Amino acid sequence: MTTADFAAFSNNAVMFASIVYVLAFVAHVTEWATGRAVTVTEVTEVAEPEAALVGGSPSPAQAAPRPVDEDHEERVDKWGRIGLALTVVAVLLHGAALVTRGLGADPIRVPWGNMYEFTLAGSFGVGLMYLLLGRRYHLRWMGLPVTAFEVVVLMLAGLLLYVPAGPLVPALHSYWLVIHVAAAVVASGAFAVGAIAAVLFLVKDRAGRRGSLRPGGYLDRLPELNALDRLSYRLHAFGFPIWTFAALVAGPIWAEYAWGRYWNWDPKEVWAFITWVVYAAYLHARATAGWRGKAAAVIALVGFATLLFNFVGINFFFGGGSLHSYAG
Amino acid sequence: MTSTQTDPVAGAGGAAPNPTPPSQPPALAPLELARWTWRQLTSMRTALVLLFLLALAAVPGSVVPQRDIDQVAVADWERDHPTLARVYDALGLFSVYDSVWFSAIYILLMVSLVGCVVPRLRIYWRGMRARPPRAPRNLGRLPESRRWVVDAPPDAVLQEAAGVLRKRRYRVDSDLAGDGAVAAERGYLREAGNLLFHASVLLVLVAFAFGQLYGYKGGVITVVGQGFSNALSQYDDFSPGSLFAPDDLSPLSFTVEDFDVSFLTSGPNMGQPEDFSAKVRYAAEPGDEPQDYDLKVNHPLTLDGVNVFLVGHGYAPVVTVRDGNGDVAYEGPVTFLPQDASFASFGVLKVPDAAPDQLGFEGLFLPTYGFTMARGPFSQFPDDLDPVLSLVPYRGDLGLDEGSPQSVYQLDKDDLRTFKSTDASRGSAARLKLSPGDTVELPDGAGSITFDRVDRWVKLQVSDTPGKGLALLGVLLGILGLMGSLFIRPRRAWVRASADPEDGRRTVVELAGLDRSSGGDLAGEIDELERQLRSDQEDS
């Protein structure tokens, strides 16, 4: 295959990956919708004995809903597994798109040299983190928000950020590009999945407090609040040292080589530092009475917001004002 | 804590029956106040608030141009918003990271950090040397506990338990004669990691401050073929640390021999630079044998900790200006600054030696000339394929004798006037268009200008940041400490063995654990301990 073939394949693979992510999303929606149907039968089941008490005839059908329920549960599970399998396919396609994007440039290079490619790599990091950590922590319930995230991000990347594959600008001719950006992508992936857990924690917490937690609904089927909080913490604890390495070790070393100052207070650096400080605050808050739980989750989301702003905002709003502007 | 909070109330209550002069506050008050302040400052809540303040305070520095980073941008900003600039300047917004308020936040944070870490260091020291705490009376009440019955006698069970726990890297206190229980603890390094991390933050900060105070950074534009020696007067811009002495500049010198740049000539990214490099001949000290070096982006020249970087490049058309008397008033390269990726460059030439009138030129250098009615003259490609100089000439007084410093990239037009255009359709001011080799006569016999050839210039940055090795060490130690404090799980475990009250020949084994940090999988650990203990006991 020629360079142009690889580049063309990469574009197709992004499209295919998006379509499969959409299908996975639909499967997860179906999973949860089916789950709600189960609840409805459960509720009627509970209601029936009462009806019987009130004066109806003893229900001979009482045993009947059971097999229907198991059937339902199986269907719920089946849709969940379909969603997960589709996500695996989509992430593989996504990875293929990334690899061929690198092969599609002449000379061959790492596939993160501009905004489009950073977005592609970053969202791949999120998908990969979800699948890898999902094996260990049983994260299938996160499939719905993760696939939704991937669909939206890939669509935005294709619509707004796409640039044809090409060689790197000279400023990026350095192996630190590989180390620095790879670390940032992995950390961002962990933070993104952690942020999803934090959002779900907050939503479920609120619903629980307002008493609007529908039994059997999506929120009800999520893990317990404690488990969500702990998962969010673990993801952030995993991402934080990697982020420290990306932003405060690899970045400065490269900056020292490229610009002669390891710390330049460049807008991108400032915001990477802000993100670091906010996540440090999150880790502290989680160890402080009165900040645990809701406040900590909010801090984690603030951290993710600064991360996103650094990724998108700096390049759009600050443009040439940042030494990182070639990333645009 | 509570006593200090209730003290003022007690004081106020006592004041009513027995009034004391208000000029004599209770003797302890200042000390109490200091103690209260110290406690507040070193509390975790304050540390959290300070962390947020630090994050928030860093934001303006990314929005408002900073003096340390881009003086030109600050100057532009001040010119565009003179009133607001005064307010911003007073607030320190043009140098946020040296400002009083930014410093105040991080110094308070450091004090809070020290105040938090030092007492913990003491506690940790004591904890390190202490034996694991004795088993609680009722192990069944702990978060995780197990209970089973075996045949082996209690002493043997405890001995084995101690062995299993030691193998799992617990520190074990097997007080066999005492309460019939084994106490064990592990994960001491978590707190050590935590302390290491916080100490590293201090180390990084000190190293960073050292670099800021004693370092320097200077930029110099050198036309290819010309030289540079490391002296303050040679720099176009120079930002020293506040304790930097110019005598500290190392006596480095070099000549830029050649500069190569290649641009993509096809494909979707046409015009993007592919690569550029400058050949320099340098000497670390005046008497040294000169050596060659290929200077590239990401490939600096390092001499005694001083780094020389290639940070930019551009065009310097070489021109010869003759004045009204026919004398050569200027001969040499003129630095033009690129305005965009096409390298359309803006430049100014001041000829103060021209007579009878001083001459000035201002205009564009276009490396590959293009023209459309809609856009006017522009550059089609960044390489010098068809270079053209498009200049507007001026005559009069350049204003160089007024004493106020002028930028070499700006023409003070107060006492200058343009020449009348011969072609009124193209504006009232005369405009010259020159290709290499062209000579154009100025109107009214004011002189002539010749475009001899095109040279290139490179922008080099020379910098020295002492203490960077220390900063790197600090961050690496910090990450190490961080990983220790995040991933090591401090735990306690107890095993108690006692005669079974129902069947005196058998032994009841109780196993319980306690996680001293959140987020660990205690149940899994206790399950594993139980499995090992049971398999050992079944073996024996």
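Sequence lines set the chain letters: A, B, ... in the order given, protein chains first and strands last, and positions in each chain run from 1. All values reported here derive from a predicted model rather than from experimental measurement.
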To the nearest 0.5 Å, what is the distance between [atom1] ([X]) and [atom2] ([Y])?
X: Leu248(A); Y: Leu476(B); atom1: CG; atom2: CG; result: 11.0 Å
X: Phe487(B); Y: Phe238(A); atom1: CZ; atom2: CZ; result: 7.5 Å
X: Phe273(A); Y: Ser62(B); atom1: CZ; atom2: OG; result: 12.5 Å
X: Trp243(A); Y: Ile479(B); atom1: CH2; atom2: CD1; result: 12.5 Å

Hey, does [Y] have a side-chain heavy atom less than 4.5 Å from the side chain of [X]?
X: Trp263(A); Y: Thr465(B); value: no
X: Thr302(B); Y: Tyr257(A); value: no
X: Lys217(B); Y: Asn264(A); value: yes

What part of [X] gets within 4.5 angstrom of chain A, counting heavy atoms only: side chain, backbone, both, or neither?
X: Gln66(B); answer: neither
X: Ala471(B); answer: side chain
X: Leu50(B); answer: neither
X: Asn307(B); answer: side chain
X: Phe208(B); answer: both
X: Val59(B); answer: both
X: Tyr216(B); answer: backbone

I'd like to verify something: which residue of Asp464(B), Asp275(B), Val308(B) has the highest number of heavy-atom pairs under 4.5 Å with chain A?
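Most heavy-atom pairs under 4.5 Å with chain A: Asp275(B).
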Region of [X] that comes under 4.5 Å of a non-hydrogen atom in chain B:
X: Trp276(A); result: side chain
X: Leu283(A); result: side chain
X: Ile253(A); result: side chain
X: Phe245(A); result: both

